Amino acid sequence: MIKKIGILTSGGDAPGMNACIRAITRTAIYNNMEVLGFIRGYEGLIDNKFLELKRESVSGIIQKGGTILKTARSERFRTDEGMQFAVNHLKENNIEALVVIGGDGSFRGAIELSKHANIPIVGCAGTIDNDLVGTDFTIGYDTAINTAIEAIDKIRDTAESHDRIFVVEVMGRDAGLIAIRSAIASGAEAVLVPEIKQDTDDLIKKIKNWRSTKSSKIIVVAEGDESGGAYKVADIVKQHNPEFDVRVSVLGHIQRGGNPSCMERVNASIVGFNAVKALLNGKSGEMIGIVNKQITFTPFEKAVKHHQKLNKDLEELIEVLSS
Ligand code: ATP
C-alpha cells in the first residue's frame, strides 16, 4: 500500500492542470493516502517546497487556468547536485510515489529521476502542444485551440472591415497541431507548420490564386515554422503583393491562459484519477493517456521519443474549403 504521494506540474503551464491536480489529490485521499504538492515543478523537489494537499485545498480550482502548484523549467534538475537534493527530499518526506504533470521534457526528467529514486513515477500529459505519442489529447490543448480560434474570429472581423491580410502566429515550437486545427476552425486561407515543408513560392502562388471577391485573408503560422514566424511571412507577402494591406498578430501567451474547456476538465479528471489507480496497480514509468476514449499506458521512453504526427491531409482540406 502506498501511504504518501507527491504531485508536481512542470514545463509550460496548461489550462486543465488544476483539474488534474484536484483529481489526483481527491483520488489519493479517497484511497487513504497523504498528498504533497511540490511547488514549481522539479524546483520544488530540489528546494523542498511543497503544500500539504487536503480535500479542501483543491476546492474551487477545477475551472481555473494555470496551476496552483506553479511550474518551472528547472536547469538545476539537470545537474547531479540538483538531482541529489530532489532524491533526498523525496526520502525525507516519505514520498512513496510521484505523479508528474507536464510535457515531454518533464517526462525526460522523470526518466532521470527514476534512475536515482527508488519509487514509482507516473505521468499525466500536460502541454498545450498535444505533441506526445500515446494520447489523443494532452491537458491544455483543447482550451488553447479554442482560445486561438476566438482570437482569430475577432481578427477576421477587423480584417474583413479593412480588406486586409492578417498573418496570425500561434504557439507550437516543434508541432503544428494548434496551427492546423485553429486554421481549419477559423476558416483560414493558409497555414504554415513545421511539419510541412512549404517554400515561399508556394505561398505566393497561393495568394495570387485567392479569389478577388474575398475581402479578408488569414494565414496562420506556427511559431516554430521554418519561415521564421509571422513578421517574416508578412514581409514576404507584402514584397510580392504591394497592393495588399498586410498586418500581423502574434497571439502569444493568451493561448496558455483562461478557464479550461469542458472537454479539458473532464479529460484531466479522468487522467488524474487513473494516474492514482495506476500507482495502486503497481505501475511505474508510464504516461497515462486517452486513445479512442480508452485509458492507455505508454512508457515514458516511448512517449518522449516521437512527436504525434500531423495529419497532412488536413492541409489539403484547408486549401479546398478556403477556395
Ligand atoms: P512544454 O511542452 O509545455 O514545453 P515540457 O515538460 O516539455 O513542457 P521542458 O521545459 O522541456 O517542458 O521540461 C521541463 C523540465 O523537465 C525541464 O526544465 C527540466 O527541469 C526537466 N528535464 C527535461 N529534460 C531533462 C533531462 N534530460 N534530465 C533532467 N531533467 C530534465
Side-chain angles (χ1 to χ4, degrees), residues 12 127-131 141-256 306-323:
T127 166
I128 62 166
D129 291 339
N130 202 36
D131 54 352
Y141 174 61
D142 186 62
T143 309
I145 50 179
N146 279 299
T147 301
I149 63 165
E150 200 184 319
I152 300 172
D153 287 347
K154 288 176 179 162
I155 289 167
R156 177 72 83 176
D157 289 345
T158 171
E160 194 77 21
S161 306
H162 286 274
D163 298 338
R164 280 177 177 150
I165 294 183
F166 261 86
V167 185
V168 182
E169 186 174 301
V170 298
M171 280 191 168
R173 269 173 299 162
D174 309 303
L177 288 153
I178 295 179
I180 283 272
R181 288 233 153 203
S182 56
I184 293 170
S186 62
E189 277 68 25
V191 63
L192 299 173
V193 290
E195 294 90 335
I196 302 173
K197 287 217 175 314
Q198 189 173 164
D199 59 33
T200 40
D201 288 349
D202 288 341
L203 182 65
I204 302 307
K205 230 184 278 161
K206 209 176 268 176
I207 294 171
K208 295 273 179 225
N209 290 335
W210 278 340
R211 242 187 307 128
S212 58
T213 46
K214 262 187 183 213
S215 68
S216 68
K217 282 109 183 165
I218 293 197
I219 303 169
V220 176
V221 185
E223 63 177 325
D225 182 66
E226 62 179 20
S227 58
Y231 284 98
K232 293 227 166 99
V233 173
D235 283 345
I236 295 164
V237 175
K238 248 186 240 168
Q239 230 174 19
H240 290 82
N241 305 275
E243 72 279 18
F244 286 134
D245 188 4
V246 186
R247 300 295 166 106
V248 170
S249 183
V250 177
L251 300 190
H253 285 80
I254 61 160
Q255 294 160 95
R256 287 200 176 279
H306 303 288
H307 277 164
Q308 194 179 126
K309 286 210 173 72
L310 194 77
N311 179 352
K312 293 188 180 170
D313 296 344
L314 294 179
E315 198 203 15
E316 189 190 350
L317 184 142
I318 293 171
E319 199 157 332
V320 172
L321 299 191
S322 66
S323 63

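This is a predicted model, so every value here is computed, not measured. Starting from 1, each residue takes its place in the sequence as its number.
A pairwise comparison of heavy atoms in P242 and Q239 identifies CD-O, 3.9 Å as the closest pair. Considering all non-hydrogen atoms of both residues, S182 and S186 come closest at O-OG, 2.6 Å. Considering every non-hydrogen atom in both I155 and S249, the closest pair reads CD1-OG, 3.5 Å. Closest non-hydrogen pair, V248 versus A234, comes out as CG2-CB, 3.4 Å. Heavy atoms only, all atoms of each residue included: P194 and D225 are closest at N-OD1, 3.7 Å. Nearest heavy atom pair, residue A222 against residue A175, reads CB-O, 4.4 Å.
Side-chain polar atoms of R156 and S216 form a donor-acceptor pair below 3.5 angstrom.
A distance of 5.5 Å separates CE of M171 from CD of Q255, quoted to the nearest 0.5 Å. Remark: N146 CG to R181 CZ distance equals 10.5 Å, nearest 0.5 Å. Put simply, OG1 on T127 and OH on Y141 are 11.0 Å apart, with the number rounded to the nearest 0.5 Å. Note that CD1 of I178 and CG of D129 are 5.0 Å apart. Values are rounded to the nearest 0.5 Å. Rounded to the nearest 0.5 Å, atoms OG1 (T143) and CD (E150) are 11.5 Å apart. Atom CD of E223 and atom CG of D174 lie 9.0 Å apart (nearest 0.5 Å).
Here the side chains of F166 and I152 are not in contact, with every heavy-atom distance at 4.5 Å or above. Taking the side chain as every heavy atom from C-beta outward, V237 and L203 approach each other to under 4.5 Å. For the pair I128 and V170, the minimum side-chain heavy-atom distance is 4.5 Å or more.
Of the possible donor and acceptor atoms, one in the side chain of E189 sits under 3.5 Å from a partner among the backbone N and O of I218. Side-chain N or O atoms of T158 include none that pairs as donor or acceptor with a backbone N or O of K154 at under 3.5 Å. Here the side chain of E169 pairs no donor or acceptor atom with the backbone of G229 at under 3.5 angstrom.
Partner of I236 under the side-chain contact (heavy atoms from CB on, under 4.5 Å) criterion, chosen from V246, I204, N241: I204. The side-chain contact (heavy atoms from CB on, under 4.5 Å) test with L314 is passed by exactly one of I196, V193, I180, V191: I180.
Residue K206 qualifies as enclosed at atom NZ: its count of foreign heavy atoms under 6.0 Å is above 12.
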